[in-house]
Protein chains: 2
Amino acid sequence: MHDPIDHVRDRLGRQDQRLTPQRETVLRVLLEHANEHLTAEEVYLEARGAAPDLGMATVYRTLDLFERLGVVHRLDAGQGVARYEFRPEGEGHYHHHLICLECGRILEFERDLLEPVERAVEKETGFLVIDHSLLLFGLCPDCRRTGPDAPSQGASPPRPDVGERDPGASPGASS
Amino acid sequence: MHDPIDHVRDRLGRQDQRLTPQRETVLRVLLEHANEHLTAEEVYLEARGAAPDLGMATVYRTLDLFERLGVVHRLDAGQGVARYEFRPEGEGHYHHHLICLECGRILEFERDLLEPVERAVEKETGFLVIDHSLLLFGLCPDCRRTGPDAPSQGASPPRPDVGERDPGASPGASS
DNA sequence: CTTCCTGCAAAGGGTTTGCACGCCT
DNA sequence: AGGCGTGCAAACCCTTTGCAGGAAG
């Protein structure tokens with residue numbers, strides 16, 4: 001019962017829903033790419049390897065379902081695409097995202113460190129904080145090394161593609 | 001030269017661009033609604049009062065332009081719409097957004113408090129932080145008072161709809 | 001058989017782009 | 001003239017929805 005797949009099956013069963021082959025495929029893709037922040041389309045493409053008849057709509061519906069179950073995190077980095085990542089059982093809402101403005105990669109930062117901020121907010125405004133999203137935009141170690149304007153290296157992952165525009169322009173979202 | 005409008009005109013002039021009547025109208029709307037996080041459509045509707053022939057495309061192009069000039073902040077709270085707010089000259093990237101899951105209102109929190117976090121990130125990961133976006137999801141003082149399930153008050157904005165679900169489930173975006 | 005699920009295709013909503021015309025220098 | 005800027009409409013992209021057929025309990 002430490003198996004995430006069984007866990008999801010149980011959660012679903014409890015509300016008369018099933019872990020269909022399609023759903024299991026999607027779940028497996030998410031598990032195989034933990035910490036990778038796939039888009040729905042990327043999940044779809046990966047999943048089609050195992051389930052060629054799978055449709056996009058099912059992927060979206062499944063990701064939605066999983067999100068409601070708390071099995072995945074949906075993360076919107078401010079470009080027009082949502083990204084999804086598997087969310088280990090019992091994980092708090094810790095861990096923030098570092099988005100490289102140069103190569104688009106998304107790194108993670110595990111420590112929370114936000115409690116002082118949340119406490120200050122609650123105390124000073126009366127707003128009850130339930131969850132948070134912290135995005136840090138900047139340069140990842142690699143791009144920092146290469147210099148902000150160097151042409152992209154063939155070195156790193158395919159590059160998750162975060163919208164482009166001229167580097168130097170301000171990062172879409174902001175606090 | 002403290003007038004933001006002149007400031008923008010200058011900035012534009014420097015790159016052979018002009019502060020046209022349309023652009024000025026958009027700018028005025030943003031100024032009149034400082035701290036209000038309007039959507040492009042809301043800007044458009046407001047602006048049409050002063051410039052009935054204005055087109056949506058111009059609004060988008062202008063907001064884009066202003067964003068590149070650093071005159072406005074684009075903020076994406078995780079639902080499918082971008083929101084824009086005037087960004088006072090010389091303002092750092094401080095100030096965070098508190099998004100009420102009940103009524104959809106967006107409040108602001110002026111103090112930064114993120115420096116310890118950013119320093120920790122830079123030190124531990126080598127990632128160079130340039131800007132950030134902190135969204136706190138929860139209940140605003142009003143909704144908190146009314147109770148999480150009270151029918152919406154006539155008091156607040158139409159409610160921008162932030163994903164619903166049982167409060168307690170994680171809100172769409174997350175860090 | 002009833003309910004849950006699926007794929008397909010169409011619809012949706014926000015945002016962007018192509019194009020021809022207008023405006024300012 | 002020569003750009004820059006604009007309105008309009010069409011195009012785009014991601015995501016959602018309607019619907020008829022299937023599978024599971």
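Sequence lines set the chain letters: A, B, ... in the order given, protein chains first and strands last, and positions in each chain run from 1.
Remark: P of C:dT25 and CD of B:Q17 are 15 Å apart, rounded to the nearest angstrom. One can place CZ of B:R11 at 18 Å from P of D:dC4, the figure rounded to the nearest angstrom. A:R9 places its CZ atom 16 Å from the C1' atom of C:dC5, with the value rounded to the nearest Å. One can place CZ of A:R74 at 11 Å from C1' of D:dT16, the figure rounded to the nearest angstrom. The distance from atom CG of A:L65 to atom P of C:dC4 is 13 Å, rounded to the nearest whole Å. C:dG14 atom P lies 11 Å from atom CZ of B:R83, rounded to whole Å. As a whole-Å value, the separation of B:L19 CG from C:dC24 C1' is 14 Å. The CD-P distance, from A:Q15 to C:dC5, rounds to 9 Å in whole Å.
Side-chain N/O atoms of B:T20 include one lying less than 4.0 angstrom from OP1 or OP2 on D:dT6.
For B:L54 against B:Y44, the heavy-atom pair with the smallest separation is O-CE1, 3.4 Å. Shortest non-hydrogen contact noted between A:F127 and B:I99 is CZ-O, 3.5 Å. Closest heavy-atom contact between B:V8 and B:L19: CG1-CD1, 4.2 Å. Across B:L114 and A:V117, no two heavy atoms sit closer than the pair CD1-CG2, 4.0 Å.
Nearest-nucleotide mapping onto DNA chain D: of B:Y44 and B:L12, the residue sitting toward the 5' end is B:L12. Nearest-nucleotide mapping onto DNA chain D: of B:R61 and A:A82, the residue sitting toward the 5' end is B:R61.
Formation of a donor-acceptor pair under 3.5 Å by the B:E102 side chain with backbone atoms of B:C140 is not found in this model.
Comment: A:R74 does not engage A:E85 in a salt bridge, judged by the lack of any side-chain N to carboxylate O separation of less than 4.0 angstrom.
Just one of A:H97, A:R83, A:R105, A:H73 meets the side-chain hydrogen bond (donor to acceptor under 3.5 Å, both in side chains) condition when paired with A:H37; it is A:H97.
Contacts between residues 51-60 of chain A and DNA chain C, defined by a heavy-atom separation below 4.0 Å, involve A:D53, A:L54, A:G55, A:A57, A:T58, listed by number. Across residues 22-33 of chain A, A:Q22, A:R23 each have a non-hydrogen atom less than 4.0 Å from an atom of DNA chain C (numbered order).
Note: B:D64 CG to B:T58 OG1 = 12.0 Å, rounded to the nearest 0.5 Å.
When distances are taken from the side chain of A:R18 to each of D:dT15, D:dT16, D:dA23, the shortest belongs to D:dA23.
Using a 3.5 Å distance cut-off with no hydrogens or angles, the side chains of B:H96 and B:E108 do not pair a donor with an acceptor.
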